[in-house]
Amino acid sequence: MFAVLLEQTADGQRYIDWLVSGLGWTLALAFFGWWIAFAVGVVVGIGRTVQNRPVAALARLYVEIFRNIPVLVQMFLWYFVLPEILPASLGNAIKQIPPPWGSFFPALVCLGLYTAARIAEQVRAGIEALPKGQVEAASALGLGGYPTYRYIVVPQALRLIIPSLTSEVMGIYKNTSVALTIGLMELTAQARQISEATFQTFTAFGAATLVYLALALIAYQGMALIDRAVRIPGTGPADDAVRPGATHAIEPIDSLPDAMEVVK
Amino acid sequence: MLELAARNRASIVTVENLVKRFGHFTALNDVNLTVAVGEKIVLCGPSGSGKSTLIRCINHIEKHDAGRIVVDGIELSDRMTDVNGIRREVGMVFQSFNLFPHLSVVENCMLAPMKVRGLSRTEAHERAIGLLSKVRIHDQANKYPGQLSGGQQQRVAIARALCMQPKIMLFDEPTSALDPEMVKEVLDTMVELAKDGMTMVCVTHEMGFAREIADRVVFMDRGCIVEEADPETFFRAPRTERARDFLGQIIH
Amino acid sequence: MNNLDFSVVIQAWPYLWSGLLFSLALTAVAFVVGLVLGTCLALVQHFEVPVLGKLVRGYVALMRSIPLILVLFWFFFLVPIVLGHLGGSGRPIPIGATWTAFITFGLFEAAYYSEIIRVGLRAVNRGQFEACQALALSTFDTYRSVILPQVLRVASPIILSQTIILFQDTSLVYVLSLTDLLGAASKLAQLNGRLVEMYLVIAVVYLAISSAASQCVASLRKRYAIAGLRR
Ligand SMILES: Nc1ncnc2c1ncn2[C@@H]1O[C@H](COP(=O)(O)OP(=O)(O)OP(=O)(O)O)[C@@H](O)[C@H]1O
Ligand SMILES: [Mg+2]
């Protein structure tokens, strides 16, 4: 079924090379976008929890804006709108960036900052979920604001939110496909192009789907690995499998974990 | 004399050679028990002795592995088509109340009579209010379980079970999740119920309660019934070593 | 900075408005279909229905692992073929982009809602099931009157935030050249060349709707936290 992928394309490559190149852009976007998102997200998330009013308000504004505009619209804002509203010389310089990079950088910034807003909310939730006693104990030891956050609060909060971060990792790699709307030939775009060139739609989409599935699996396993690696000894994962007829009871819950809320 | 009287009455629950296993662990081993109509039985014994398992077998929430259980003339078995036919006649009160948090107190009491007994809304409401006043909580009828104290919740749970007009009531440590000051209100309710002639099987360690209403105290240990006696005899002069140890522990 | 001229937006407003209505309709339909179907999918998994349970699991995992845009492409390609086979003719029945969008979003969202509800079902205290058994409630009544209402209530904040994301995601029908809010804006932008104004305005519209909705969800969450269904 996938034999067509090995056939020659008009430009002398094979179709599978198109897929591989698409995968490359997808991975590059997801990987570098993730680090932007993580760095900005942690900072903004902490910002939302500090006492300083203006800082907290700014952080909140950031989250509101970047979380409540669709990624695709944000993509267009970075790609079409930004160069127009910048001073003409700078705007033109941006428009001069050669093809793949001209789409890649706006997409990178877009996905990074969008995902950052989501991570910021997780970080904030993680920090707020910590027992008050932790901060009190830190100040009782004479730690100031910065060391308290750096050594006590953030390390614990990040561990707490690893499950939610997993879903953000999945989110960012899936959202890379949105970059096709501004002309980046990532995985989904390549699949569509192969489908149009060969009329083997099933094969083209099927191959892309398998690759995305594999990526999801890797992302999931990777995060599980990280979760195990950084787990504090003595704090096992809760086993929450309860069905009618299962043998052990669990605590009733008042709300579901935020990790359930995911991007697509 | 009491036992004789009990035997002469018709029995509502008969348990014969009951065996219940969880995997390789035998939770009940050859248990025999008969409950006569109108009889009040108090089940006690150390933690893990199988008390809960026994009464949960009686309404088939746990399925037994061997032996016979006959409730109200019908034998319980896996092949049974209508287990709910039996559960309708058996009321149960849990240690942790298990009220439905999303329904108001009165709705908690109305649900099963409407869905299972086919009562109309007004009939069910009337019955619910009647039984809620019996447990002296009708003024809270429109509150939600989360807004009540533990003792109040447990009394609602009793009223909820009574709304099905069961022939027998099972209690699994109904007071052990309660703060001490609330235990009495629940026990008073149970005593009243007993005096009305309800057939009851209660797992409890409240000895005052047992003395007041029990026809028989059944002492279990490690999945077996070790001793049965009327409360006076049991508390004053337990026959077995294990029962003596147990009583020593709960009296301190 | 170029001179911005937002008067074009006023002229364009009726067209944008109809686009917005389409976005909202798509959201509403996907919400209803997704929630109903999602609940069914969750129950099938919960009861571990032989074969079907596994299939549903696979379906949900698949939907959650691939990008929505790819799913849209898939359905645009597959639904006519499937309909053709169901119709018996074996020839694809073209259904157009609009129907594709409604079908895709309904089926796709079902996978996400079902996961929320499945976790919610697992989280219901076992005592609730036992109380229903003790009261002789049938399985149907147990789930309809006791279990599902609690699950939906506990999960409602997450279901609603998921629906806000759904509203934003409807913008992806742009890849099917449909005229939702974004589609309307981009078509006008191509006509009048005012893409800066167009995109900025719809960004504000999306922002306003989504953040107003998020505020509602947040206050809902707070209300529940205070009311405290359980103690
Ligand atoms: N679902 C189950 N799966 C496995 N083992 C179980 C299960 N339920 C009960 N057991 C075991 O069966 C034994 C009897 O349990 P049971 O709950 O009947 O004790 P109990 O007498 O009610 O004790 P307690 O006073 O603590 O309530 C215990 O050792 C318990 O660990
Ligand atoms: Mg017990």
Side-chain angles (χ1 to χ4, degrees), chain A residues 64-65 67-74 76-77 80-81 84-88 91 170 173-178 180-181 187-188 191-192 195 201-202 205 208-209 212-217 220 240-258 260-264, chain C residues 1-2 4 46 48 61-62 64-70 73-74 77 108 112 115-116 119-129 154-155 157-158 161-162 164-165 167-172 174-175 182 186 189 195-196 199-200 202-203 206-211 214 221 224-225 228-230:
Chain A
E64 284 295 318
I65 289 178
R67 218 171 54 146
N68 285 317
I69 299 177
V71 204
L72 178 48
V73 175
Q74 290 189 37
F76 284 3
L77 292 182
F80 292 118
V81 175
E84 302 295 335
I85 58 176
L86 286 175
M170 310 270 256
Y173 95 72
K174 283 184 280 175
N175 272 331
T176 53
S177 64
V178 176
L180 71 81
T181 57
L187 190 52
T188 302
R192 184 169 61 167
S195 144
T201 310
F202 204 87
F205 290 171
T209 300
Y212 278 117
L213 273 177
L215 287 183
L217 210 66
Y220 186 81
D240 59 350
V242 163
R243 296 183 306 276
T247 52
H248 56 300
I250 61 155
E251 285 295 296
I253 52 150
D254 288 321
S255 61
L256 295 174
D258 282 314
M260 287 306 306
E261 181 196 321
V262 288
V263 289
K264 293 144 204 169
Chain C
M1 200 185 279
N2 311 34
L4 294 181
H46 186 67
E48 297 180 347
L62 181 67
R64 289 169 63 88
S65 307
I66 60 179
L68 179 49
I69 293 187
L70 185 56
F73 288 162
W74 261 125
F77 163 67
F108 184 77
Y112 281 83
E115 199 63 4
I116 296 173
V119 173
L121 282 170
R122 290 202 315 187
V124 173
N125 191 313
R126 189 167 67 132
Q128 293 291 311
F129 290 98
V154 170
I158 297 176
S161 2
Q162 195 69 54
I164 296 172
I165 299 178
F167 169 65
Q168 296 181 20
D169 279 341
T170 57
S171 63
L172 293 178
Y174 170 88
V175 300
L182 175 62
S186 93
L195 87 192
V196 175
Y199 288 148
L200 281 177
I202 61 153
Y206 276 114
L207 178 62
I209 295 177
S210 298
S211 59
S214 317
R221 220 181 259 253
Y224 274 135
L229 277 170
R230 298 163 195 268

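Letters A, B, ... mirror the listed sequences (proteins, then strands); counts begin at 1.
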If you draw a 6.0 Å radius around CZ in C:F77, do more than 12 non-hydrogen atoms from other residues or ligands fall strictly inside? yes

Write down the atom of C:L62, the atom of A:L213, and the distance for their closest heavy-atom approach. CD1-CD1, 3.6 Å

Considering all heavy atoms of both residues, which atom of C:S65 and which atom of A:Y173 are nearest to each other, and what is their separation? O-OH, 2.7 Å

Which atoms of C:S211 approach chain A - backbone, side chain, both or neither, heavy atom under 4.5 Å: both

Heavy-atom closest pair (A:V178 atom, C:I69 atom, distance to 0.1 Å) is CA-CD1, 3.7 Å

Give the C-alpha distance, both sets of side-chain angles, the deciding distance and a yes or no for side-chain contact (heavy atoms from CB on, under 4.5 Å) between C:Q168 and A:N68. CA-CA 8 Å; C:Q168 296 181 20; A:N68 285 317; 3.9 Å; yes

Report which part of A:L187 has an atom under 4.5 Å of a heavy atom belonging to chain C: side chain, backbone, both, or neither. neither

Quick check: closest heavy atoms across A:V81 and C:L195, and the distance to 0.1 Å? CG2-O, 4.3 Å

Could you tell me which portion of C:Y199 (side chain, backbone, both or neither) has an atom closer than 4.5 angstrom to a non-hydrogen atom of chain A? both

Answer key: most heavy-atom pairs under 4.5 Å with chain A among C:V196, C:T170, C:L207 is C:L207

Can you label the angle between the A:F205 ring and the C:W74 ring as parallel, tilted or perpendicular, going by 30° and 60°? perpendicular

Please look at A:L77 and chain C and tell me whether the side chain, the backbone, both or neither of the residue comes under 4.5 angstrom of a heavy atom of that chain. side chain

Heavy-atom proximity to chain A below 4.5 Å, by part of C:L200: both

Just give me the residue among A:L180, A:T176, A:L215, A:V73 that pairs up with chain C most often, heavy atom to heavy atom, under 4.5 Å. A:V73

Looking at CG of A:N175 and CG of C:L172, how far apart are the two atoms once the value is rounded to the nearest 0.5 Å? 8.0 Å

Chain C: which of A:S177, A:A216, A:G91 shares the most heavy-atom pairs with it under 4.5 Å? A:S177

What part of C:L182 gets closer than 4.5 Å to chain A, counting heavy atoms only: side chain, backbone, both or neither? side chain

Give me the atom names and distance for the closest heavy-atom approach of C:S171 to A:L72. O-CD2, 3.3 Å

Which heavy atom in A:A208 sits nearest to a heavy atom in C:L70, and how many Å separate them? CB-CD2, 4.2 Å

Which atoms of A:F202 come close to chain C, meaning under 4.5 Å heavy atom to heavy atom: side chain ones, backbone ones, both, or neither? both

Between A:F80, A:Y220, A:Y212, the one whose heavy-atom pairs under 4.5 Å with chain C are most numerous: A:Y212

